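A short write-up of the structure that comes next.
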Amino acid sequence: SPSRLRRKQTKWTLFGCSAAAQVKTSRETKGQFLSVNMAFSVGVMSAMYLTKGITGAHLNPAVTLSFCVLGQVPWGRLVPYSLSQLLGAYLASGLVYLVYYDAIMEFSGGVLTVYGPNETASIFATYPSEYMTLSRSFLDQVVGTGMLMLCILCLNEERNTPAPTKLIPPIVATIVLGISMSMSANCGAAINPARDLGPRLFTLTAGWGTEVFTCYNYWFWVPLVAPLIGGVIGSFMYLIFIHWHLPDPDPPESLFIPSTINDKVHQPGITWDNRKELKATRL
């Protein structure tokens with residue numbers, strides 16, 4: 001249900017953004033870059049365990065869209081799922097702000113900005129490194145989300161090497177950890193439109209202003225659009241290069257049913273004389 005989707009999106013974003021707040025406001029004396037990556041991954045795992053049996057653990061509009069394209073999720077669920085994920089990320093950002101309000105204000109000097117050594121907007125949403133262009137940023141998000149879908153689609157594939165159902169949440173969390181550890185230097189590895197837009201909307205309303213949308217040449221649309229495209233591309237890559245080449249499942253072994261006299265009688269080629277012999281054999 002949408003309320004459960006909000007709770008699990010809140011949980012995931014709460015873990016990750018709280019870690020980001022702790023690392024940044026302590027100037028990396030209470031955590032490091034890896035701490036944030038691991039916190040997001042633990043949030044993914046716990047959120048999946050919490051609601052996998054209810055909604056299928058949909059945390060990401062890009063993943064939901066990809067499953068809709070593949071026919072595994074009805075299209076009617078795309079909008080309510082996505083809106084619930086967005087609202088959950090917004091609420092999680094509000095909780096992080098309340099918990100770390102004093103630390104954020106002490107670190108920033110009370111000035112909430114996107115730029116500069118004391119910026120705090122990146123605690124919540126993702127922003128590109130200064131050397132990145134829009135096109136490279138777009139590619140970065142497409143590749144990251146494509147890798148996410150390529151890796152998770154195989155987990156339930158019975159014709160390949162399916163993962164045990166109970167271990168899928170930690171496996172997905174490990175995949176997210178691998179992507180965030182290797183592909184976040186450029187743009188923060190959002191790979192999730194809701195995880196980025198929800199916190200960005202919160203910072204817009206909490207004092208950071210419109211700069212969270214106008215900065216870096218209106219970069220905000222990149223983590224909003226590119227993951228949607230990347231997820232679909234990754235899904236088609238899985239279909240074309242993996243799924244369509246897997247062997248068909250083995251047919252069930254046919255049970256041996258002993259033939260009877262009556263079966264033999266009705267077989268083609270049985271003559272009247274043969275019937276007499278069969279009858280005599282039975283007697």
Side-chain angles (χ1 to χ4, degrees), residues 1-23 31-67 72-73 81-82 84-93 95-96 123-126 141 143-156 162-184 187-200 223 226-228 230-231 234-235:
S1 66
S3 62
R4 292 188 177 96
L5 283 170
R6 287 195 297 271
R7 286 197 292 270
K8 66 188 180 183
Q9 182 68 46
T10 300
K11 192 170 188 177
W12 175 30
T13 309
L14 180 63
F15 271 76
C17 290
S18 292
Q22 177 174 302
V23 171
Q32 296 176 335
F33 179 70
L34 180 61
S35 305
V36 182
N37 296 329
M38 294 184 68
F40 270 113
S41 300
V42 172
V44 168
M45 179 181 66
S46 58
M48 290 186 67
Y49 272 126
L50 184 66
T51 56
K52 188 175 186 295
I54 301 172
T55 60
H58 282 264
L59 305 172
N60 187 339
V63 175
T64 303
L65 173 63
S66 297
F67 278 115
Q72 298 184 22
V73 171
Y81 274 22
S82 299
S84 297
Q85 294 156 1
L86 178 64
L87 180 57
Y90 183 95
L91 294 175
S93 300
L95 287 174
V96 173
I123 290 174
F124 302 95
T126 61
Q141 291 297 290
V143 172
T145 316
M147 288 299 300
L148 175 66
M149 287 306 303
L150 190 62
C151 292
I152 67 176
L153 282 174
C154 64
L155 298 180
N156 285 322
T165 302
K166 294 181 180 179
L167 292 180
I168 287 180
I171 293 173
V172 173
T174 304
I175 293 170
V176 172
L177 178 61
I179 293 173
S180 60
M181 288 178 62
S182 60
M183 301 183 188
S184 59
C187 307
I191 62 172
N192 182 337
R195 172 263 173 275
D196 188 83
L197 182 59
R200 196 179 300 274
L228 299 175
S235 300

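Note that the structure is predicted; figures quoted are calculated from it, not measured.
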Spacing of [X] atom [atom1] and [Y] atom [atom2] [to the nearest 0.5 Å]:
| X | Y | atom1 | atom2 | answer |
| --- | --- | --- | --- | --- |
| S18 | I123 | OG | CD1 | 10.0 Å |
| Q22 | Q32 | CD | CD | 11.5 Å |
| L197 | L86 | CG | CG | 5.0 Å |
| S235 | F67 | OG | CZ | 7.5 Å |
| L150 | T145 | CG | OG1 | 12.0 Å |
| L14 | L95 | CG | CG | 6.0 Å |

If you look at every heavy atom in [X] and [Y], which pair is closest and at what distance?
| X | Y | result |
| --- | --- | --- |
| P193 | P227 | CD-CB, 3.9 Å |
| F40 | C17 | CZ-N, 3.8 Å |
| S93 | F124 | O-CE2, 3.5 Å |
| A89 | P199 | CB-CD, 3.8 Å |
| I171 | A163 | CD1-CB, 3.5 Å |

For [X], what residues pass the side-chain contact (heavy atoms from CB on, under 4.5 Å) criterion, not counting sequence neighbours?
| X | answer |
| --- | --- |
| V23 | E28, S35, V36 |
| T126 | A190, R195, D196, R200, W219, P223 |
| Y90 | L201, F202, T205 |

Compare all side-chain heavy atoms of [X] with those of [Y] and state whether any distance is below 4.5 angstrom.
| X | Y | answer |
| --- | --- | --- |
| Y81 | N60 | no |
| P61 | N192 | yes |
| L59 | M48 | yes |

Exercise. Under the side chain to side chain contact (heavy atoms under 4.5 Å, CB included) criterion, do T64 and Q85 qualify, and how do the steps go?
Worked result: CA-CA 10 Å; T64 303; Q85 294 156 1; 3.4 Å; yes
Exercise. Does atom CE of M38 have more than 12 heavy-atom neighbours from other groups under 6.0 Å away?
Worked result: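 No, the 6.0 Å shell around CE holds no more than 12 heavy atoms from other groups.
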Exercise. Above 12 or not: heavy atoms from other molecules or residues under 6.0 Å from CD of Q72?
Worked result: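 More than 12 heavy atoms, drawn from other residues, nucleotides or ligands, come within 6.0 Å of this atom.
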Problem set entry | Exam field: side chain S66 to backbone G231, donor-acceptor pair closer than 3.5 Å |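 A pair under 3.5 Å: yes.
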Using residues 172-184 as the side-chain source, report each donor-acceptor pair under 3.5 Å to any protein atom, sequence neighbours left out, with the distance given to one decimal.
residue, atom, partner, partner atom, Å
T174, OG1, P170, O, 2.8
S180, OG, V176, O, 3.0
S180, OG, L177, O, 3.0
S182, OG, G178, O, 2.7
S184, OG, S180, O, 2.4

For this session: With side chain to side chain contact (heavy atoms under 4.5 Å, CB included) as the test, would you mind laying out the steps for N156 and I168 before giving the verdict?
Result: CA-CA 9 Å; N156 285 322; I168 287 180; 3.2 Å; yes
